[in-house]
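Reading through the structure tokens given below for one structure.
All residue numbers refer to positions in the sequence shown, counting from 1. Worth knowing before you read on, the calculation uses all heavy atoms, side chains too, and leaves out hydrogens, waters and symmetry mates.
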Amino acid sequence: MPEKNLPGAPTTEPVSYDEPTTPVDPPAPKPDQAGPANVSPTGADYGADPTTNAQQGQRLTSAVGIPLRNTDHSLTAGPRGPILLQDQHFREKISHFDHERIPERVVHARGAAAHGVFEANGAAEKITRAAFLKKGVKTDTFVRFSTVLGSRGSMDTARDTRGFATKFYTTEGNYDLVGNNIPVFFIQDAIKFPDVIHAGKPHPDREIPQAQSAHDTFWDFVSLHTEAQHHTIWNMSDRGIPRSYRTMEGFGVHTWRLVNDAGETTLVKFHWKPRLGVHSTTWEEAQIAGGTDPDFHRRDLAVAIEAGAHPQWDFGVQVFPDTEDQMFEGIDLLDPTKIVPEELAPVQIIGTMTLNRNPINFFAETEQVMFNPANLVPGIDVTYDPLLQGRLFSYQDTQLTRLGGPNFQQIPINRPHVPVNDMLRDGFHQHAVHGGVAPYHPNSLDANNPLPTPPEEGSYIEVPQRFEAVTDRKKAATFDDHYSQVGLFFRSLTPVEQEHVVNAYTFELSKCWDETIRKRQLQALANVDATLCSRVATGLGLEAPSPTGPAAGTASSAALSQLGKEWPVDGRQVGIIVDAASDLAAVGDLRSAFLAAGVVPLVVAPTGGPLGDGVVANRTWANASSVEFDALVLTTTAAPAPDALVARDAKAGQDTEPGVDPRVDKLLGEAWRHAKAIAAVPDAQASLLAAGVVDGAPGVTVGGAAELGPAVLAALAKHRAWERFPTAV
């Protein structure tokens, strides 16, 4: 069995050195895994373990259960002859392989997912009749996180918006809340959605750059469509490069209408608040992770759940009166490029979600899951947000191609956990076997089954709305303010966060070939904040333009900054650097202390394998990367190991401080630059100095082995020691 709380082993069973020849049952899922609920295509509970959907039996068969004697050799006319057309096993195996892939999502192609459970606290009962939001109700969920622009094979740590899509398997049918980690969108009207995605995707002539916004077409679009400036500044902030899916906020983006038991309506915005806090990576970390571990966020989510560090989010709402103008404090609630600052409308927590199981099969669950904002349950209704209105069509429509026809709801991960009697029939991939002869209403041949549900018995009711308008293609004047909330966001950040925004804009715009586009975007920044514009212009070697309108205001919102608090340390990873000179008994005690605090300690040694005193190396100096650790503990001077040879590893070519292994020197130097916690025993001070680490600086501790654990845990709670470096903003 793999060591408790050290996830990553591909199986829970011992691995045989020789090819096994004794028939055995298919492997069981790992303890952290769970598949879709075992319900029929029409919602009947089979009462069977979900693993019964997996392969069965001890022997190899064809797709229709015919026993097969060999799968390594085709049927040929003699040992050197051609393959025979009658070889059904070959044809079936190759044909299925040729069609294993389905079209990837146009957006949100790169993702990861997990199963969970949501428990309501009852705080929403006054504003909605939704059954899953009543006090104490527990609802199974499936959550998919994703990037927007990149393909399925792109890296996790690209600067990009992240999707945060949640499927609630409620007693009233499936409810999908399809949101992002950014509360506003690039555009105000769904008709522009193809345009912004075409602009953000790789250039169509060369299909580059992949999963990046640092190119001409993107900045051409957002500088011309200034409504995109609010979303863009969020993307240029640390929110665009999260530390983990576990440390992302989620937002429903739109304003939704809730209906209570009395038929009264309220407008709300949905929020997911991570219990671990909102944290990000530095730009350099994101680039290192993209090269050393493109699956950085996927792996982080999976191993945290496997380690028992189940991520949690509090689910909350901002509540607004459902007035005729649908405005609140001068903010148009139908404009998806606007937020309502939490100081004006506090987020009220209505429940908590815990992700506690990994999928059994990525394709069957994470890749085939579909979400649709039109999947609403009684008590939740839409508004006339023009972006939301378009999404209500688009999400349904896209599945017809991706999932091969109209029966995508019958794929196991998409099946509701309640009875389904929809009168929908036939089509590609129909898994149900419908009875009766009269799939129409009314009918007498099937005794008028199924009957509609009366409103008093809980049917879905769209809120009646009165219309008196002239059709046209234009937006209300309240949609015209494209800058005030962009300035609000920038002013709300701490100086170090503002520095990161300046750096992001400077880098991204410097990658644009066309100077006209850079100048046009600088004009937009001038209308946002003079300091921001000036700093970016300096980095681009251009003049900062004057604003074309009045100043954007002076208001700020503390809720928009990620910094200044302390958070739980569950699931954080700490690298403990050791070698033959380390006190392994003290290392063992340090590991135990970290495990007891919910932290995952990884021992990093010159070579892998057992080191003594029960300590086993989890990483080596050659394969460890600084980005996988939230903190480092140095228990040795880290003298160069025997394999620190330039011919073997270019990193070992750093010879300015030959007393320190260059790979350890690199780990320490990166952790220092990335404002991570670093702790070391006194004998290792020279190694810290060689790496540029300043003893006594914020987040740096030198002391006895017993002091290091508490110091690191205290620093981890603050996430980073940003005060280590001065800012210029």
Side-chain angles (χ1 to χ4, degrees), residues 12-13 24-59 61 63-65 113-120 130-134 136-144 166-176 305-306 310 351 353-371 375 377-378 403 407-425 427 429-436 439 446-447 449-451 453 457-459:
T12 59
E13 301 300 324
V24 296
D25 291 327
K30 293 164 60 175
D32 63 289
Q33 295 177 318
N38 208 332
V39 295
S40 77
T42 53
D45 188 349
Y46 285 134
D49 190 282
T51 57
T52 58
N53 289 319
Q55 64 271 31
Q56 304 293 314
Q58 297 182 345
R59 297 290 189 175
T61 74
V64 294
H115 295 270
V117 62
F118 172 80
E119 183 172 359
F132 82 99
L133 291 175
K134 296 189 182 301
V137 173
K138 294 183 178 180
T139 303
D140 289 337
T141 61
F142 189 74
V143 180
R144 186 177 186 272
T166 306
K167 185 177 292 294
F168 297 85
Y169 301 96
T170 86
T171 58
E172 299 176 303
N174 287 355
Y175 167 53
D176 294 343
I305 292 173
E306 186 179 358
H310 298 154
M353 180 173 67
T354 304
L355 297 185
N356 54 16
R357 287 291 183 270
N358 285 310
I360 290 176
N361 184 277
F362 184 93
F363 177 82
E365 302 173 71
T366 306
E367 188 63 16
Q368 289 197 122
V369 68
M370 61 79 61
F371 297 91
N375 286 345
V377 294
L403 298 177
N407 292 308
F408 47 80
Q409 302 285 16
Q410 295 183 18
I411 295 171
I413 192 63
N414 297 323
R415 293 176 182 174
H417 298 181
V418 294
V420 173
N421 197 343
D422 53 21
M423 291 197 297
L424 305 176
R425 293 294 185 269
H429 310 299
Q430 174 60 256
H431 295 283
V433 183
H434 294 102
D446 287 344
N449 175 273
L451 281 173
T453 301
E457 295 183 22
S459 60

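Judged purely by atom type and a 3.5 angstrom limit, Asp32 has no side-chain atom pairing as donor or acceptor with the backbone of Asn358. Although no hydrogens or angles enter the test, the distance criterion places a donor-acceptor pair under 3.5 Å between the side chain of Glu172 and the main chain of Ala131. Here the side chain of Asp176 pairs no donor or acceptor atom with the backbone of Lys167 at under 3.5 angstrom.
For Ser459, the side chain to side chain contact (heavy atoms under 4.5 Å, CB included) criterion is met by Thr453, Pro455, Ile461, not counting sequence neighbours.
Inter-residue side-chain proximity for Gln56 and Pro26 is flagged as unmet; no heavy-atom pair is nearer than 4.5 Å. Inter-residue side-chain proximity for Thr366 and Arg144 is flagged as met; some heavy-atom pair is nearer than 4.5 Å. Phe142 has its side chain within reach of Pro359: a pair of non-hydrogen atoms, C-beta onward, lies under 4.5 Å apart. By the 4.5 Å heavy-atom criterion applied to side chains, Asn375 and Gln409 are counted as neighbours.
To the nearest 0.5 Å, the span separating CD on Gln410 from OG1 on Thr42 amounts to 8.0 Å. Note that NE2 of His115 is 9.5 Å distant from CD of Gln33, once rounded to the nearest 0.5 Å. To the nearest 0.5 Å, atoms CG (Asn53) and CD1 (Ile360) are separated by 8.5 Å. Annotation: the span from Arg415 atom CZ to Ser40 atom OG amounts to 6.5 Å, rounded to 0.5 Å. Atom CD1 of residue Ile413 and atom CD of residue Gln368 lie 9.5 Å apart, to the nearest 0.5 angstrom. We find the CG-CZ distance between Asp140 and Arg357 to be 11.5 Å, quoted to the nearest 0.5 Å.
What you find for Thr51 and Pro29 is that their closest heavy atoms are CG2-CG, 3.3 Å. Contact between Asn361 and Phe363 at its shortest, heavy atoms only, is OD1-N, 3.2 Å. Considering every non-hydrogen atom in both Ala364 and Ile411, the closest pair reads O-CG2, 4.4 Å. Between Asn38 and Pro50, the shortest heavy-atom contact is ND2-CA, 4.0 Å. Closest non-hydrogen pair, Pro31 versus Thr12, comes out as CD-CG2, 3.7 Å. For Val377 against Gly173, the heavy-atom pair with the smallest separation is CG1-O, 3.6 Å.
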Review point. Are Asn356 and Thr354 close enough, and set up right, to give a side chain to side chain donor-acceptor pair (under 3.5 Å), and what steps lead you there?
Key: CA-CA 6 Å; Asn356 54 16; Thr354 304; over 6 Å; no

Exercise for review: Could you give me the CA-CA distance, side-chain angles and deciding distance for Phe118 and Leu133, then say whether side-chain contact (heavy atoms from CB on, under 4.5 Å) is met?
Suggested key: CA-CA 9 Å; Phe118 172 80; Leu133 291 175; 3.8 Å; yes

Output side-chain donor-acceptor pairs under 3.5 Å for residues 417-424, partner residues at least two apart or in another chain, one line each.
unit_1 : atom_1 : unit_2 : atom_2 : d
Asn421 : ND2    : Asn449 : OD1    : 3.1
Asp422 : OD1    : Leu424 : N      : 3.0

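By the 30° and 60° cut-offs, the orientation of the rings of Phe132 relative to Tyr175 is tilted.
Tested against Met353 for a side chain to side chain contact (heavy atoms under 4.5 Å, CB included), the candidates Val117, Thr141, Thr139 yield a single pass: Thr141.
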